[in-house]
Q: 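Right, I'll just put the structure down here and ask away after.
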Amino acid sequence: MAVKGLGEIDGTYDGSQIRVGIVHARWNREIIDALVYGAIKQLKKYNVKEENIIIESVPGAYELPFATKCMFNKHNVDVVIPIGCLIKGSTMHFEYICDAVSSQLMKLQFEINKPVIFGVLTCLTEEQALQRAAISPGMHNHGEDWGACAVEMVCKWKG
Ligand SMILES: O=c1[nH]c(NC[C@H](O)[C@H](O)[C@H](O)CO)c([N+](=O)[O-])c(=O)[nH]1
């Protein structure tokens with residue numbers, strides 16, 4: 001299936017020389033595993049070598065920003081794809097985590113001067129998340145978008 005959503009990858013890129021970190025949360029694991037699979041599938045489609053895909057996990061999405069920074073420092077990667085799945089509950093917990101995680105991941109790029117892909121689903125229902133992981137029908141696996149985005153951002157902008 002062609003990668004849609006973020007828009008088709010801009011041209012063809014050779015990822016054979018790039019190192020990619022994936023940091024994933026363990027909350028909503030079935031959804032996370034599908035998203036991680038989709039990202040890896042797309043990275044390999046653009047020739048990223050398996051040995052250059054470094055995967056680490058954290059308890060939840062709130063831990064993604066710190067672990068993403070550690071991934072850059074510990075594994076010398078060109079880009080990190082933090083993957084999480086936040087599903088709204090009955091309290092404001094969801095809103096606070098979504099806001100904190102998204103703004104910190106954005107800021108981290110300018111601190112590290114390397115791309116951080118926003119791979120966090122922020123869903124109001126579990127069904128929305130299942131659809132975006134292509135577990136339920138109706139949408140493509142958003143992890144594929146994130147993998148393609150990672151390759152493009154490094155190949156196009158690496159200094
Ligand atoms: O990754 C998630 N973490 C969640 N909470 C845990 C949080 O990310 C931290 O791991 C925890 O607060 C400890 O810091 C979630 N909810 O609470 O709903 C969620 O939906 N997804």
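Below, each value reflects all heavy atoms present in this structure, side chains not excepted, and no hydrogens, waters or symmetry copies. Counting convention: from 1, in listed order, for ligands and their atoms alike. This structure is a prediction, so every number in the text was calculated from the model and none was measured.
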Q: Determine, step by step, whether Lys69 and Glu111 satisfy the salt bridge (Lys or Arg N to Asp or Glu O under 4.0 Å) criterion, reporting the C-alpha distance in whole Å, the side-chain angles of both residues, the deciding distance to 0.1 Å, and the verdict.
A: CA-CA 9 Å; Lys69 183 173 181 179; Glu111 182 183 331; 2.6 Å; yes

Q: Among all protein non-hydrogen atoms, which one is nearest to atom 12 (O) of ligand 1, and what is the separation to 0.1 Å?
A: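 Heavy-atom neighbour on the protein nearest atom 12 (O) of ligand 1: His93 NE2, 4.0 Å.
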
Q: Which protein heavy atom lies closest to atom 19 (C) of ligand 1, and at what distance to 0.1 Å?
A: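 Residue, atom and distance for the closest contact: Trp27 CE3, 3.3 Å.
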
Q: Please identify which atoms of ligand 1 are closer than 4.0 Å to at least one heavy atom of Glu63.
A: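 In order of numbering, the contacting atoms are 9 (C), 10 (O), 13 (C), 14 (O).
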
Q: Any atoms of ligand 1 less than 4.0 Å from a non-hydrogen atom of Tyr62? List them with their elements.
A: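 Every atom of ligand 1 under 4.0 Å from some heavy atom of Tyr62: 7 (C), 8 (O), 9 (C), 14 (O).
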
Q: I want to check something: taking the side chain as every heavy atom from C-beta on, are Cys123 and Leu86 in contact at a cut-off of under 4.5 Å?
A: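 The answer is no, as the side chains (C-beta and beyond) never meet within the 4.5 Å cut-off.
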
Q: Under 4.0 Å, heavy-atom basis, I'd like to know which part of Asn28 is in contact with ligand 1: side chain, backbone, both or neither.
A: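 Only the side chain of Asn28 comes within reach of ligand 1.
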
Q: Quick check on Gly89 - does any of its heavy atoms sit under 4.0 Å from an atom of ligand 1?
A: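 Contact absent.
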
Q: With respect to Lys88, which candidate in Glu95, Gln128, Glu126 satisfies the side chain to side chain donor-acceptor pair (under 3.5 Å) definition?
A: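 Of the listed options, the one satisfying the test is Glu95.
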
Q: Looking only at distances, please establish whether an N/O atom of ligand 1 is found under 3.5 Å from an N/O atom of Ile87.
A: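 Yes, Ile87 has an N/O under 3.5 Å of an N/O on ligand 1.
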
Q: Considering only heavy atoms of Cys85, which atoms of ligand 1 have at least one such atom less than 4.0 Å away?
A: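 In order of numbering, the contacting atoms are 1 (O), 2 (C), 19 (C), 20 (O), 21 (N).
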
Q: Hey, does Ala61 come in under 3.5 Å of ligand 1, counting only N/O atoms on both sides?
A: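 The answer is yes, given that Ala61 and ligand 1 share an N or O pair closer than 3.5 Å.
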
Q: For the pair Gln109 (side chain) and Val116 (backbone), establish whether a donor and an acceptor sit closer than 3.5 Å, ignoring hydrogens and angles.
A: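 Here the side-chain-to-backbone pair exists.
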
Q: Could you go through the side chain to side chain contact (heavy atoms under 4.5 Å, CB included) check for Ile87 and Phe94 one step at a time?
A: CA-CA 7 Å; Ile87 300 173; Phe94 168 84; 5.6 Å; no

Q: Using the ring of each side chain (for Trp, its six-membered ring), is His142 parallel, tilted or perpendicular to His140, with breaks at 30° and 60°?
A: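 Geometry flag for His140 against His142: parallel rings.
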
Q: Quick one: are Ile32 and Arg26 in side-chain contact, heavy atoms under 4.5 Å?
A: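 Result no, sub-4.5 Å side-chain heavy-atom pair not found.
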
